[in-house]
Amino acid sequence: MSRLFGRRAATEPDATEVIDLDAVAPPTRSGSQGWRRLFAGNRVIWVMATVAIVALVVGLGLGQLIVSPGQAAADADAPAGGLITVPIENRQLANDVTMRGDATYADSVEVSIETGELAGAPIVTGQVPEVAAIFDTASIALEVTGRPVIVLPGDLPVYRTLRVGVSGPDVLQFKQGLNAAGIDAGALDSDVFDAQTANAVTALYAKVGYPAPSGGGDVAIAVSGAEAGVTSAQASVDSANGALTTVQGAASNVDVVEQGNLVRSAERALALARTEGTPNEIADAEESVTLAVARQAQALAPRDASAEKAAVTAAKAELTRANATLSDARDGALAYLPAGEVLYLPGLPRRVDEISVKRGSSITGPVMRVSGATLVISGSATASDAALLEVGAPATLAMPDGDQPATISSVLPAEPATGETASGRFTVLFAPDALTDEQIQAVQGSNVRVRVPVSSTEGDVLAVPLAALTAGPGGESRVEFAPGGSADTVLVEVTTGLAAEGFVEITAVDGSLGVGDLVVVGR
């Protein structure tokens, strides 16, 4: 116990100390302290909750005050009835046909050159054009074996060489092509290649800077020989004519006098015998007279010239043959058009799109591809719209940089695809006016809007909306005029003109309507 007490004395408080049992006992927590602790630890949450509650209360309050437009319209009373009026306008009216069109170069075709008449290989020796080059009348498409291939307008392909004496549609096309080049080829309604056409060939080659085709030395020798043959034949004709003249010539004066003297001498002897002679002497004298007259007739009679005439006829026939030979030889010496030295292209000018040959290469197929040199706009129209369009009529293209004027160049039925029936639509081609290179580049291959005015008023006219028109009991057109916008209206009879853009041209029969007057379009 002493140990125990002694130990306790060491650890326990002094006996004089007063121990506060409440201080050492566990503390007790009040309710207010718990709520304070709860608010202090979740203050943000409680603030957010408070804001939400306030917003909800405010929203509910405002919802009772705000009314939607639809609800307001539903709750509103119907407006009082009245007139809907518009003023008469002064404006120009126009009807248009509008379509879309593809911008492209037209009629792209492959170009081939006739080389069948060339003696050797058809080698390209020069004048090779570049892509985008333009071919016009009398341009050089290529140079083949040192000779030009001249471009002329035409649809008929080349199929033969043209020389003096030949005729046909290809000759007519050639003459018309020469005329387009400013060269006189003779009568354009004649399909005969004559000497004047040959002279035009020489002029064409001079224009492009090449010598005209000719037959060379052999042709010159042929002409010289033919000229000699004509000279010889002419000499034969002259000789035969001389012989015929000699045979057919009249008797000379000497022969006439001599034969006359003999006849008269015989007649004198007969007269003497009849007065002095015997019957036998008279008979002899009579016979002498008869003989003298016969000799006179024989001496003065025309000679037989049949042989000489036959000789003249034969000589003239030979001269005719010689002249024909000379004409043929001279025609052969005139200029001609080789089949391989001309290229006909329709729709000149043309633009080179692709080149298939180069200098030094041999021609084995198409040499290039060309298309129309000018940009065209190709649109499609219904039959009813096409009936309103005319070739040469103006149009407006909606280009990227603004409207551009154009002209209708063609209105033709659209060709159906293979195996399909005709659609009844029309293809309309437009030619733009003077596009710049930048405009062409911007629009090529694109689809543009095209507007074609087909009817319009001449200047400004009085116009009202179509809704302002009414029909009278007799079918006449009327508008309801509201003077000063009053409810008291007057029906005014009008004549109508062009209707377009939702408006119609009107003219008051009594002249009482003008710009700004109000007409009724509804109630």
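Residue numbers run from 1 in the order of the sequence given.
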For the [atom1] atom of [X] and the [atom2] atom of [Y], what is their distance to the nearest 0.5 Å?
X	Y	atom1	atom2	answer
Ile377	Asp102	CD1	CG	8.5 Å
Ser371	Glu354	OG	CD	11.0 Å
Ile408	Leu389	CD1	CG	4.5 Å
Thr98	Asp385	OG1	CG	9.0 Å
Lys316	Leu319	NZ	CG	9.5 Å
Leu397	Arg449	CG	CZ	11.0 Å

Could you tell me whether Arg359 atom CZ has more than 12 heavy atoms of other residues or ligands within 6.0 Å of it?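 No, not enclosed.
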
Tell me if the CD atom of Glu493 is crowded by more than 12 foreign heavy atoms within 6.0 Å.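 Check passes, neighbour count above 12.
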
Sub-3.5 Å donor-acceptor pair from the side chain of [X] to the main-chain atoms of [Y], do we have one?
X	Y	result
Ser190	Gly186	no
Thr85	Val519	no
Lys175	Asp191	no
Asp460	Gln92	yes
Glu114	Gly116	yes
Asp517	Gly514	yes
Thr470	Val479	no
Ser239	Ser236	no
Thr125	Glu143	yes
Asn241	Val237	yes

Should Arg451 and Asp96 be marked as a salt bridge (charged side-chain N to carboxylate O under 4.0 Å, His left out) after you check the CA-CA gap, both sets of side-chain angles, and the distance that decides it? CA-CA 6 Å; Arg451 180 174 58 84; Asp96 299 334; 3.3 Å; yes

Side-chain contact test, heavy atoms from C-beta onward, threshold under 4.5 Å: evaluate it for [X] versus [Y] and give yes or no.
X	Y	result
Met399	Val443	yes
Arg425	Pro413	no
Glu505	Thr495	no
Phe481	Ser512	no
Val151	Tyr344	no
Phe135	Ile140	no
Arg160	Asp170	yes
Ile84	Val520	no

Is there a donor-acceptor contact under 3.5 Å linking the side chains of Asp433 and Gln404?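 There is no such pair (donor and acceptor under 3.5 Å, judged by atom type) between the side chains of Asp433 and Gln404.
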
Have Thr197 and Asp194 got a donor and an acceptor in their side chains that come within less than 3.5 Å?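 Distance-only check passes for Thr197 and Asp194.
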
From CA spacing to verdict: salt bridge (charged side-chain N to carboxylate O under 4.0 Å, His left out), Glu110, Arg369: CA-CA 4 Å; Glu110 286 188 335; Arg369 178 176 288 277; 3.4 Å; yes

Decide side-chain hydrogen bond (donor to acceptor under 3.5 Å, both in side chains) for Asn199 and Thr202; before the verdict, give the C-alpha distance in whole Å, the side-chain angles of both, and the deciding distance to 0.1 Å. CA-CA 5 Å; Asn199 293 334; Thr202 301; 5.3 Å; no

So, for [X] and [Y], which heavy atoms are closest and what is the spacing to 0.1 Å?
X	Y	value
Leu178	Ala185	CD1-CB, 3.6 Å
Asp155	Gln173	N-OE1, 3.0 Å
Ala198	Leu334	CB-CB, 3.9 Å
Asn90	Leu462	OD1-N, 4.0 Å
Pro153	Leu348	N-CD1, 3.6 Å
Ala138	Leu152	N-CD2, 4.3 Å

Do Arg163's NZ or CZ and the ring of Tyr336 fall within the cation-pi criteria of under 6.0 Å and 45°?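 Yes.
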
CA sep, side-chain torsions, deciding dist, call: Tyr205, Ile150, side-chain contact (heavy atoms from CB on, under 4.5 Å): CA-CA 9 Å; Tyr205 278 83; Ile150 305 172; 4.0 Å; yes

What do the steps show when you test Glu501 against Arg91 for salt bridge (charged side-chain N to carboxylate O under 4.0 Å, His left out), and what is the final call? CA-CA 11 Å; Glu501 305 168 2; Arg91 61 188 299 169; 3.5 Å; yes

